[in-house]
Amino acid sequence: MDDRDCETDQLKGLSHNVQGGLSHSYLESGVSKEHCHLETKSEADLHSQPSAFSQNHHSMQSHNGMYNMESGYSQYTAGFSSGNTTFTYQQNGGTHFSPWPAKPTGNWDPAMSLWARVQRLEGDVIKRIQSQYGQHFPIEVRHYCAQWLEEQPWSQIEEDNPAHEVYAHQVLSHLIKAIQIQIDEFPSSNESFLQKMVLQDSANKLQALYTTSPLLLVKAIKSCLAQEERFVHQAENPVQNQDTMNDQLQSTETHKQIEEMIDRCQEKTQATEADLKQAQNLQESFVIQYQNQVKVNAQIQQVEKQNKDLNLYTNGADGGPLAESMTPQQYQQLIKNSGQMEKNLRKQKEDLERDLLSKAEELLQYRLILAEKHRVTFLALEELQKLVVDKELIAWKRKQQLSGNGVKFDTQLLDILQQWCESLAEMIWKNRQQVLGVEILRQKLPIDIPAGTPDLVPELNQKITGLLSSLVTSTFIVESQPPQVLKKESRFTATVRLLVGGKLNIHMSPPTVKSSIISEQQARALLKNDTHAKSDTSGEILNNNGTMEYHQAKGELSITFRNMSLKKIKRADKKGSEAVTEEKFCVLFQSDFQIGNGELMFQVWTLSLPVVVTVHGNQECNAMATALWDNQFAEPGRTPFAVPDSVPWCQVAELLNGKFQAATGRGLTAENLSYLAIKAFGGQIKPGEDFSQRLISWSMFNKDALSARNFTFWEWFYNVMKLTEEHLKPTWMDGSVIGFISKNSAQEWLMTKPNGTFLLRFSDSETGGITIAWVADDPSKTGERSVWNLAPYGRKDFIIRSLSDRIKDLDALVTLYPNISKSQAFGKYYTAVSEKHNEVKDGYVPSTLVARLPDSLANAAPMDYNNPQTPQGSHLGPDSPVYDPNSVGMAQNHLQPIDEDMDDSGAFDPSLLLSATMTDYSPDDINDISDINIAEFLKSMSQKK
């Protein structure tokens, strides 16, 4: 890579030899293919452990040679070592963060690194990237430690999770070591001396800033890297979805407009500051001249008295010693000179009075002009504040709300908003001080304003104070929301931030913040300025008080409630058929503080997003539906927490697609959404009908059961989503699972294909089930073929044996629809059996559970001999025994071909329309895998013998 290609004006002074970067594969998949492993976990472990990477024996590779761990099985936790750091989760549920040596190792291409690609950017983009660096994270560290920084699995450390602080401490420690290694590698020369000093100073500053709050360092680094990736992606992928491009263009234009408005307001503020100083100079000049005029008046009075006395002497009065000491001519000359002096003084007085009058008029006009300039500045500030607070901050809150439904959310936007709000606060405060300065000048030197001319200063003072009050109260926000499905007596967190806390020096006396839970009705009263509303609660939250902390590195004044717990909840009277999972609450955060040495007092409060309180895990599904519906369809400026009862299907489809994509890694196709629409509307859609604007009500979404079912549309969708997220994620992401297809459509598709062709579809009769449909000869009807269905598998089934392994077990399944061999589609997900598995340990012989079809159908499809991993009838080893269907522990259900005249909306028992396979346990008899006690079973069998 040519050094000149890396050179930018913004990064001059840094070495052109790029020291670090990120491979393209890391950007694409989040993990290097050399270090990808899987480990089987129990479902209980999964719920007790955060999603992260964990080491294991079984390697996996996708069709492109890599596997995106973010889309892996949720019942697996993966471990990988990337560059310097290894994350592993231990069997006891604890997390171990094991940094590698700080010096980068492994293959790494600097030319393809993110940092090298950043340096190819031009214009305003590179300036915006450069502006995000500073003392909180020096750009020199980004440059010289690029490889180390880009090789770390940052996504696995949650900067808002206090439990991850121990890992953040290790990150800080090893970053300091990486910087020191870089310093030591510099040659001992005069040219390197300055670079060494700069890096050493950076290391010292990072150590001082983040020793007590290392998670802020993680947040800063993740923010910088994410910003770089976003801009690089935009630059390298100019052809994107038109809507996305339009949104980005609009956002960029808005940001540019705001920055230009800030510049103009700053110029106006600086101009009025200079004008105020000039007005002060004019007033001081006026006062000086006024003092001269007073002196002249005193001199005139003195001369007048002297002349009066001299005239008396001239008119015969005794002149005293003065007259006696002079000749008559001298005395007359004295009288003449005194008269001339009086005349001169009176002329000087007239000139001074005329000059003072002119200066007073000039000063008055200057004050009026300055007031008009302030009025124009305040209008500009008001317009800017409306754009930043009423538009951009509200838009951020809306994006934050939609992120609860799975929509991607750029957390860096809040930092940008804080910069804008801080600029606003600084300018508003300066202008307010200027207006106060004008009032002080007016008090010292009152000058009457001509009749008919409005006095703007009192109005300006009121206006600028109102702007400041609105800004402060509007920027007290919930940065990290509490969970919207809030389980009673469970620990939860939330973060509140004051965006202008640093600029207004509120952090010098940090305020305390109190949280409480209030009902929907109480929230409405609060918005109506009910004086008692702030003290009303609908429950009790433990650990609900705290003092805001100022994080100097980022200039943030915030508080994170890390250990809140809802101890009590008081529910309102039910409204008709409303369920408890439809009742909405919210968390109220409130504080009070002062600024300007007690000059202004503020009482601020803010509300969280609506939360639904549950007391049991089985309420989560319906509670989530309430939260999602509220998030998606809340309208700006609504009365808490009103939402429309019916919305067009296209908006519901957007909700379902976003949530499913966030959970499973891949969104829904138009065909998937059409299938869901037919299900939601009970099949009442005509062929070719445009149903995008057809209204779907909340009752249809999650109150009324589907036709001939005992569950709602959302309950069906939710369980399908959870099944896919936890057990089918890789196969869903690579397209192996069709899922959203009716039985009739599946039959039509399969009947056009050879025997052994199969597809995977979600069960219509059960929630959270997936069935395998395949075409094969009908053993009861010679020469005829039928489409068969396995009884649906659920999450408990896949805890025992994965879907891919079950497909491997069944020889009747040969080709994945339309024409992909099952080994090609699922082979990469098969569980490899190690040689140790066959070893007898402590006298016990290991065994493996294998799925098997009834004998009548087991050979109804051709064998697949192309996959050596597929167990065949004559090649089964001791580690893969075929269980007799009639043996203990195995249940066999009967299979029936699909009735072509029946569909999912039929009134017949759905179980009669579903074929089944042999299962590893009977779900009707065993509620949980822990119910199987092999030791007691074997003991009872030996006693019988």
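Remark: His507 engages Asn505, Tyr550, Leu557 in a side-chain contact (heavy atoms from CB on, under 4.5 Å) (not counting sequence neighbours). Listed by chain and residue number, nothing satisfies the ring-ring contact (aromatic ring centres under 6.0 Å, His included) test with Trp429 (two or more places apart in sequence, or in another chain).
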Q: Start with the C-alpha distance between Gln200 and Met197, add both sets of side-chain angles, then the distance that settles side-chain contact (heavy atoms from CB on, under 4.5 Å), and finish with yes or no.
A: CA-CA 5 Å; Gln200 188 61 60; Met197 289 194 62; 5.8 Å; no

Q) Run the side-chain contact (heavy atoms from CB on, under 4.5 Å) check on Leu381 and Lys268 step by step: do they pass? A) CA-CA 10 Å; Leu381 287 171; Lys268 292 179 185 295; over 6 Å; no

Q) Would Gln419 and Asp415 satisfy side-chain hydrogen bond (donor to acceptor under 3.5 Å, both in side chains), going step by step from the backbone distance to the final call? A) CA-CA 6 Å; Gln419 294 174 10; Asp415 295 331; over 6 Å; no

(Q) side-chain contact (heavy atoms from CB on, under 4.5 Å), that's the test. Do Val513 and Phe561 meet it? Break it down for me. (A) CA-CA 10 Å; Val513 181; Phe561 294 92; 3.9 Å; yes

Q: Decide side-chain contact (heavy atoms from CB on, under 4.5 Å) for Leu175 and Ile221; before the verdict, give the C-alpha distance in whole Å, the side-chain angles of both, and the deciding distance to 0.1 Å.
A: CA-CA 11 Å; Leu175 175 58; Ile221 295 175; 4.2 Å; yes

Q: Kindly determine whether Tyr144 and Phe186 satisfy ring pair (Phe, Tyr, Trp, His ring centres under 6.0 Å), including the steps that lead there.
A: CA-CA 11 Å; Tyr144 290 110; Phe186 278 121; 5.4 Å; yes

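For Glu150 and Arg142, the salt-bridge test passes: some basic side-chain N is under 4.0 Å from an acidic carboxylate O.
How far OG of Ser509 is from CD of Gln594: 6.5 Å, rounded to the nearest 0.5 Å. Atom-to-atom distance recorded for His551:NE2 and Leu215:CG is 10.0 Å, nearest 0.5 angstrom. Summarising the geometry, atom CD belonging to Gln552 is positioned 10.0 Å from atom OG belonging to Ser213; distances are rounded to the nearest 0.5 Å. In this structure, the separation between CG on Leu393 and CD on Gln385 is 10.5 Å, given to the nearest 0.5 Å. A distance of 4.5 Å separates CD1 of Ile176 from CD1 of Ile179, quoted to the nearest 0.5 Å. Rounding to the nearest 0.5 Å gives a distance of 9.5 Å between CD of Gln119 and CG of Leu121.
Residues Ile258 and Leu384 form a side-chain contact, since some pair of their non-hydrogen atoms from C-beta on lies under 4.5 Å apart. Counting only heavy atoms from C-beta outward, the side chains of Glu549 and Pro510 never approach each other to under 4.5 Å. Between Asp734 and Tyr829 there is a side-chain heavy-atom pair separated by less than 4.5 Å. Between Ile416 and Glu392 the shortest side-chain heavy-atom distance does not fall below 4.5 Å. Using a 4.5 Å heavy-atom cutoff, the side chains of Leu209 and Leu217 are not in contact. For the pair Thr269 and Gln266, the minimum side-chain heavy-atom distance is 4.5 Å or more. Gln400 is listed as a side-chain neighbour of Gln481, based on a closest heavy-atom distance under 4.5 Å. Considering only heavy atoms from C-beta on, Glu140 stays 4.5 Å or farther from Asp201 through its side chain.
At distances below 3.5 Å, at least one donor-acceptor pair connects side-chain atoms of Tyr210 with backbone N or O atoms of His136. When atom types are taken as modelled, the side chain of Thr475 and the backbone of Val472 share a donor-acceptor pair closer than 3.5 angstrom. No side-chain donor-acceptor contact under 3.5 Å links Arg666 to the backbone of Pro730. Panel note: side chain His164, backbone Ile157; no donor-acceptor pair is recorded below 3.5 Å. Between the side chain of Ser591 and the backbone N or O of Thr512, at least one donor-acceptor pair lies under 3.5 Å. Not one N or O on the side chain of Trp115 forms a donor-acceptor pair closer than 3.5 Å with the backbone of Cys145.
By the 6.0 Å contact criterion, NZ on Lys277 is open, its count of non-hydrogen atoms from other residues, nucleotides or ligands being 12 or less. Atom CG of Asn597 has 12 or fewer neighbouring heavy atoms from other residues, nucleotides or ligands inside a 6.0 Å radius. Lys222 NZ: more than 12 foreign heavy atoms inside a 6.0 Å radius. By the neighbour-count criterion of 12 heavy atoms within 6.0 Å, atom CD of Glu259 is densely surrounded, having more than that number from other residues, nucleotides or ligands.
Residue Lys399 comes nearest to Leu413 through the heavy atom pair NZ-CD1, 3.8 Å, listed as atom of the first residue, atom of the second, then distance. When all heavy atoms are compared, the tightest approach of Asn543 to Asn563 is ND2-O, 2.7 Å. Lys554 and Gln418 get closest at one heavy-atom pair: O-NE2, 4.0 Å. The two residues Thr211 and His169 have their closest heavy-atom pair at O-CE1, 2.9 Å. When all heavy atoms of Met548 and Val496 are compared, the pair lying nearest together is CE-O, 3.9 Å. Across Val500 and Cys421, no two heavy atoms sit closer than the pair CG1-O, 3.6 Å.
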